[in-house]
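Below you'll find the structure, written out as C-alpha cells, and then a few comments.
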Amino acid sequence: MAILRFILGDQLSRNLATLRDIDREHDVVLMAEVGSESTVVGFHKQKLAFIYSAMRHFADELRAEGIRVDYVSLTDPENTQNLEGELARALRRHAVESVAVTEPGAWRVKDMMSGWEERLGVAVDVREDDRFICSHARFAAWADGRKSFRMEYFYREMRRETGLLMESGGPIGGQWNFDAENRQSLPDDYRPPERLRFKPDETTRAVLDLVATRYDKNFGDLEPFAWAVTRDGALEALDHFIEHCLPDFGTYQDAMKSGEPFLNHGLISPYLNVGLLDPLEVCRAAERAYLEGDVPLNAAEGFIRQIIGWREYVRGIYWLKMPDYAGTNHLEAKRDLPWFYWSGKTRMNCLANAIGDTQRHAYAHHIQRLMVTGNFALLAGIEPRQIEAWYLAVYIDAFDWVELPNTHGMVMFADGGLLASKPYAASGAYINRMSDYCSGCVYSPATKDGEKACPITLLYWNFLMENRQKLQGNRRMLMPYRNLDRMDPAQRTSIQARANAFLDGLSATDDEPAEPQMQLDL
Ligand SMILES: Cc1cc2nc3c(=O)[nH]c(=O)nc-3n(C[C@H](O)[C@H](O)[C@H](O)COP(=O)(O)OP(=O)(O)OC[C@H]3O[C@@H](n4cnc5c(N)ncnc54)[C@H](O)[C@@H]3O)c2cc1C
Ligand code: SF4
C-alpha cells in the first residue's frame, strides 16, 4: 500500500503528520517548487529564496535518512507550476494507492485540496497540522458561546494547559502579564545586541541565482541574504536570541530606532512558520532561561505570550472564521494603496524607515508593522484587500493564516472588533515617543500649523471624525473622542479639509510620488 506523501513549502518539519507513519521501502515524498504559489502576490525576493532553499535542504535531509524524495525544481521544463498539476504528474510517475498531505496554511489551498480526490481519482488523506499548541477543535471549544474574543483570556488557558511559567496552579510572579514593565522607549545610548546572520552555502547560492534571474522585478533586495535555511541553523538562531536578546526583549519590545531593524526581537517567525522550529520548544527555551536566572520574568512572559497567545489566537480565528472573515470591511475603507508602500519614497520618515527595513530584510518588527505601516493604512482608509496583499508579499514570515488576521483584524479593524477590542489608531505623538524617527523627519509631531505639521496626527483626528458613528460607542475609544470634542469646531473642520487634500494627493502609481505640502493651521 504505497503512499505518495506531499510536503508543501511551509511544512518542513521532521515530525510533520504527513511523515509520521512513513514506510521507507515503498512510500515516496513529493516536494515541488511551483510558480503559481510563488507569484500569488509578487513576493519579496528573500522570501522566495528562503522557502526554496529551506525546501531543498529539507529534501536533502530526508534523503540522507534513506527516504525517497521526488523533488520538482522550479526550472524543470515539465513543471506545471501549480500544486495540483504537480501532484497529478507525480501520480503518473509513481504506483501508489493514496496520497497523504498535511492541511495547508491558506484557506485557498485547503479549498483546492478538498477537490483532489474527485479530480485526481485517488484517495487523499488530509491530516490536521498538529505543529501548533491549540487544535482547531480546542479553539472552537474556547470560542463557543463567547460574544467577543479576547486574546488575554485565551492566553491564560494556554498557559494553564502547557504549564509554561506556572506554579501551584497560578502564574509565576502572581500576574499573568507584565506589560506594565515593558513598552519603554530606547535610551539614546542603548546599543542593541549584534545579530547572528548566516552565510549562504552552495544550495542557497544556487537558489539566489535562480531568484535573481527569474524574479528580478519582485519587491525588495535579494542580498545580503543572511537567514538560516535548516533546522540546525534555526536552532542556532534561537540559542543566540535567548542568550543575547531575550533579557531586554520585554523592556524594549515596542521601541523603534532608525538603522536598527531588529533590536531585541526574535527573528524566528520565518523558522516557526515553515516548521524549522516548534513553538513549544521555543517557549520552553525562554522559560528555562528565566528559571535559570538568565532573563527577567517580564521578558520571558512577554515573549511566551506572543507565541502561545497571539500566534495561536490569530490562527484559531483564521480557521474558525474563514472564508467569510476576509470579506468583511467594517470601516468601509476603499482607498488604493499608495505607491510609496512599494517604492519606500515618502517624506514621512517613520514610513520610509519601516518600508526601507522591509525592502532590505523582508522583515520589520511588530511595532513597525502595527503602528507605522499598519497605522497609516488604517488612518488613510486603505482597502483591506490591498494592504493585506502587501503584507503577504513583503514579509519573509507571511503566510495567510497569520498575516490575514493580523492585518484584517488587528490593523484594519475590518472585522469590526472580533480580534481586537479597539482600532490601534495613533497620532504622531506615539511614534515620537517610541522612536527616533521624528527627529529626522521633514514634518514635526509637535508643530500644528503649516507645512511641517505631521500628516499622521492630521490623519488620526480625521480618522476619529470620519468613523465617529462606528467607533464612539466603544468604551475604549472614550478618551480619544473626549479629546476630539474638546477641540474648537473650526479646527475640526480645518483638519478634515486638509486631511482630505493630503489623501487625495497620494498616488497609487509610480509616476510621481505626490505628497502635497502640509498646510495644517490648527
Ligand atoms: C499587520 C501585521 C502583519 C503581520 N504579519 C505576520 C505574518 O505574516 N507572519 C507572522 O509570523 N507574524 C506576523 N505578524 C506578527 C509579528 O509582527 C511578527 O510575528 C513578528 O514581527 C516576527 O518577528 P520576530 O520573530 O522577531 O518576533 P518577536 O517580536 O521576537 O516575537 C516572537 C514571536 O511571537 C510570534 N508573534 C508575535 N506577535 C504575533 C502576532 N501578532 N501574530 C502571530 N504571531 C506573533 C511570532 O511567531 C514571533 O516570531 C504581523 C503583525 C502585524 C501587525
Ligand atoms: S513627524 Fe509624523 S510623519 Fe514624521 S516621522 Fe514623526 S510621525 Fe512620522
Side-chain angles (χ1 to χ4, degrees), residues 133 150-196 237-257 260-269 272 277 279-314 363-371 406 410 420-422 424 426 430-431 433-436 476:
I133 289 153
R150 291 297 162 253
M151 193 286 291
E152 186 65 30
Y153 299 118
F154 169 78
Y155 163 62
R156 290 176 192 181
E157 294 204 12
M158 293 301 103
R159 283 274 293 278
R160 285 194 189 94
E161 285 176 21
T162 56
L164 281 160
L165 295 180
M166 297 291 286
E167 63 183 357
S168 320
I172 289 186
Q175 284 168 230
W176 293 102
N177 179 318
F178 291 86
D179 261 355
E181 294 169 39
N182 296 344
R183 300 178 175 163
Q184 293 182 30
S185 52
L186 280 180
D188 286 345
D189 58 353
Y190 185 78
R191 288 177 61 85
E194 286 285 315
R195 301 314 297 242
L196 184 64
L238 173 64
D239 286 350
H240 185 272
F241 162 72
I242 300 273
E243 186 180 345
H244 300 282
C245 313
L246 184 60
D248 278 349
F249 171 87
T251 311
Y252 302 126
Q253 198 179 341
D254 286 7
M256 298 176 277
K257 189 173 164 69
E260 295 289 353
F262 310 131
L263 294 174
N264 292 81
H265 289 273
L267 302 189
I268 54 161
S269 48
L272 280 167
L277 291 178
L280 206 50
E281 81 181 334
V282 167
C283 294
R284 293 264 178 246
E287 180 187 51
R288 206 163 38 247
Y290 163 72
L291 293 173
E292 287 170 4
D294 297 331
V295 306
L297 185 53
N298 69 312
E301 185 283 317
F303 178 74
I304 288 172
R305 175 156 29 95
Q306 305 311 310
I307 297 178
I308 67 169
W310 280 112
R311 186 171 187 267
E312 296 288 330
Y313 176 71
V314 300
Y363 176 89
H365 68 69
H366 186 65
I367 295 304
Q368 292 175 301
R369 298 188 207 193
L370 181 64
M371 301 310 292
N406 269 297
M410 196 185 300
S421 56
K422 73 173 185 71
Y424 282 88
Y430 172 87
I431 293 175
R433 194 165 62 248
M434 296 312 301
S435 76
D436 65 352
R476 298 197 63 201

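Note: hydrogens, waters and symmetry copies are ignored here, and every other heavy atom, side chains too, is used.
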Between CE of Met158 and CE of Met151, what distance do you get to the nearest 0.5 Å? 11.5 Å
In short, Leu263 meets His365 closest at the heavy-atom pair CD1-NE2, 4.0 Å
For Asp179, which residues count as a salt bridge (charged side-chain N to carboxylate O under 4.0 Å, His left out) partner, sequence neighbours excluded? Arg183, Arg305
Do the side chains of Gln253 and Gln306 get nearer than 4.5 Å, heavy atoms only? yes
The reported gap from CG in Leu238 to CG in Leu196 (rounded to nearest 0.5 angstrom) is 11.0 Å
Would you check if the side chain of Arg433 reaches a backbone N or O of Ser185 as a donor-acceptor pair within less than 3.5 Å? no
If only side-chain N and O atoms count, and only distance matters, is there a donor-acceptor pair under 3.5 Å linking Asp248 with Tyr190? yes
Take Glu181 and Glu301 through the side-chain contact (heavy atoms from CB on, under 4.5 Å) test and state the conclusion after the steps. CA-CA 11 Å; Glu181 294 169 39; Glu301 185 283 317; over 6 Å; no
CD1 (Ile431) and CG (Asp436) are apart, to the nearest 0.5 Å, by 12.0 Å
Closest non-hydrogen atom pair, Gly173 against Leu297: CA-CD2, 3.9 Å
Counting only heavy atoms not in Glu194, do more than 12 sit closer than 6.0 Å to its CD atom? no
Check: Phe303 ring centre within less than 6.0 Å of Phe241 ring centre: yes
With sequence neighbours excluded, what pairs up with Arg288 under the side-chain contact (heavy atoms from CB on, under 4.5 Å) test? Arg284, Ala285, Glu292
Ile308 and Cys283: which non-hydrogen atoms are nearest, and at how many Å? CG2-SG, 3.8 Å
Heavy-atom side-chain proximity of Leu267 to Arg195 below 4.5 angstrom: yes
Rounded to the nearest 0.5 Å, how far does CH2 of Trp176 lie from OH of Tyr155? 8.0 Å
Mark yes or no for whether Arg159, through its side chain, and Met166, through its backbone, hold a donor-acceptor pair below 3.5 Å. no
Does any non-hydrogen side-chain atom of Tyr290 lie less than 4.5 Å from one of Ile172? yes
Would you compute the distance between atom CG of Leu370 and atom CG of Asp254 and round it to the nearest 0.5 angstrom? 8.5 Å
Give me the atom names and distance for the closest heavy-atom approach of Ala289 to Ile242. CB-CG2, 3.6 Å
Would the distance check show the side chain of Glu157 and the main-chain N or O of Tyr153 forming a donor-acceptor pair, the cut-off being under 3.5 Å? no
Nearest heavy-atom neighbours spanning Leu246 and Ala299: O-CB, 3.1 Å
Relative to each other, are the rings of His244 and His240 parallel, tilted or perpendicular (30° and 60° limits)? tilted
Would you say Glu312's side chain and Ile133's backbone share a donor-acceptor pair under 3.5 angstrom? yes
Check: Ser269 and Arg311 side chains under 4.5 Å, non-hydrogen atoms: no
Looking at Leu165, is its backbone amide N or carbonyl O close enough to the side chain of Glu287 to form a donor-acceptor pair, meaning the two atoms are under 3.5 Å apart? yes
Of all the heavy-atom pairs spanning Tyr424 and Met371, show the shortest one and how long it is. O-CE, 3.8 Å
Rounded at 0.5 Å granularity, tell me how far NE2 in His265 sits from CD in Gln368. 7.5 Å
